[in-house]
Amino acid sequence: MLFIKHTGLSARQFDLSIGASNGYTLRMQKNKASIGSDVIENILNTYPDLNVVWLLTGSGEMLKSMQAADILDFDNLPMDKKEEIERIIEAKIKERQKEELKNLLREVTEEMGKEGS
């Protein structure tokens with residue numbers, strides 16, 4: 001949402017720009033859900049100046065052009081740094097998936113309660 005605000009686009013315009021369905025971004029925000037890797041790829045292809053590390057972890061600068069000159073592009077990082085970033089990404093994905101499963105279980109439980117009434 002910070003990046004969308006930075007671009008000056010509405011959430012709908014942003015969704016359209018990355019090929020996502022109308023309301024996708026707001027739904028993800030509302031449900032505190034993780035976005036799919038295909039959507040991340042579309043975002044990075046559409047907005048190449050967006051810092052991939054910031055997008056995935058929230059760390060560092062939002063835009064590559066805002067980064068300090070000594071911060072390197074992911075492809076140019078040493079292998080140990082790449083592995084660390086990948087480890088952090090995997091941990092965050094697992095954390096978000098766990099949260100999504102809890103939310104889904106809560107919704108299903110609520111639905112079952114309604115049907116039993």
Side-chain angles (χ1 to χ4, degrees):
M1 294 310 294
L2 289 173
F3 179 70
I4 293 171
K5 186 176 181 178
H6 170 79
T7 63
L9 297 172
S10 68
R12 180 178 186 279
Q13 290 170 323
F14 179 78
D15 290 344
L16 293 173
S17 76
I18 62 169
S21 62
N22 187 24
Y24 178 84
T25 305
L26 294 177
R27 249 188 339 273
M28 294 298 105
Q29 181 187 25
K30 178 183 174 193
N31 296 328
K32 296 182 179 157
S34 299
I35 59 174
S37 59
D38 57 326
V39 175
I40 291 172
E41 185 177 351
N42 288 346
I43 292 170
L44 294 171
N45 286 335
T46 305
Y47 302 97
D49 200 36
L50 185 58
N51 177 357
V52 66
V53 175
W54 179 86
L55 179 63
L56 298 173
T57 67
S59 299
E61 298 294 335
M62 181 189 315
L63 302 176
K64 291 178 184 178
S65 60
M66 294 169 61
Q67 293 175 314
D70 59 340
I71 296 178
L72 301 175
D73 189 279
F74 180 81
D75 292 333
N76 295 324
L77 290 173
M79 185 56 75
D80 63 323
K81 292 293 183 189
K82 286 182 184 180
E83 289 170 354
E84 181 181 357
I85 289 171
E86 289 171 358
R87 183 187 55 75
I88 292 168
I89 291 168
E90 286 179 27
K92 287 196 173 281
I93 288 171
K94 285 180 183 177
E95 180 183 312
R96 289 180 181 165
Q97 286 174 334
K98 190 175 181 181
E99 204 53 44
E100 286 178 40
L101 288 173
K102 285 181 187 177
N103 291 335
L104 184 58
L105 181 58
R106 189 177 308 114
E107 288 176 26
V108 169
T109 304
E110 289 172 5
E111 283 294 319
M112 290 175 64
K114 290 177 186 175
E115 290 175 8
S117 301

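Values reported hereafter were calculated over all heavy atoms of this structure, with side chains retained and with hydrogens, waters and symmetry mates removed.
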Original post:
Can you name the closest pair of heavy atoms from Gly8 and Gln13 and give their distance?
Top reply: O-OE1, 4.4 Å
Original post:
With no hydrogens and no angle check, is any side-chain donor or acceptor of Asp49 less than 3.5 Å from a backbone partner on Leu63?
Top reply: no
Original post:
Of the non-hydrogen atoms in Leu50 and Ile43, which two are nearest, and what is the gap between them?
Top reply: CD2-CG2, 3.5 Å
Subject >> Closest non-hydrogen atom pair, Gly60 against Trp54 >> reply: O-CD1, 3.5 Å
Original post:
For Ile4, which residues count as a side-chain contact (heavy atoms from CB on, under 4.5 Å) partner, sequence neighbours excluded?
Top reply: Met1, Phe14, Thr25
Original post:
Between Glu83, Glu84, Glu90, which is the residue that forms a side chain to side chain contact (heavy atoms under 4.5 Å, CB included) with Arg87?
Top reply: Glu84
Subject >> hydrophobic_cluster_shared for Met28 and Leu101, side chain cutoff 4.5 Å >> reply: no
Original post:
Which heavy-atom pair separates Glu100 from Ser34 by the least distance, and what is that distance?
Top reply: OE2-N, 2.7 Å
**OP:** Kindly compute the distance separating CG (Leu44) from OG (Ser37), expressed to the nearest 0.5 Å.
**Re:** 11.0 Å
Original post:
Do Ile88 and Val52 share a hydrophobic cluster (ILVMFWY, side-chain heavy atoms under 4.5 Å, transitive)?
Top reply: no
Original post:
Between CD1 of Ile35 and CG of Asn42, what distance do you get to the nearest 0.5 Å?
Top reply: 9.5 Å
**OP:** Indicate, with yes or no, if Ile85 and Ile93 share a hydrophobic cluster defined by side-chain heavy-atom contacts under 4.5 Å among Ile, Leu, Val, Met, Phe, Trp and Tyr.
**Re:** yes
Subject >> hydrophobic_cluster_shared for Ile89 and Met79, side chain cutoff 4.5 Å >> reply: no
Subject >> From Lys92 atom NZ to Thr57 atom OG1, the distance as rounded to the nearest 0.5 Å >> reply: 6.5 Å
Original post:
Between CE of Met62 and NZ of Lys5, what distance do you get to the nearest 0.5 Å?
Top reply: 10.0 Å
Original post:
If you measure from CG on Asn31 to CD on Glu99, what distance do you get to the nearest 0.5 Å?
Top reply: 11.5 Å
**OP:** Supply the atom-to-atom distance Ile18 CD1 to Leu9 CG, rounded to the nearest 0.5 angstrom.
**Re:** 10.5 Å
Original post:
How far apart are the closest heavy atoms of Tyr24 and Asp15, and which atoms are they?
Top reply: N-OD2, 3.1 Å
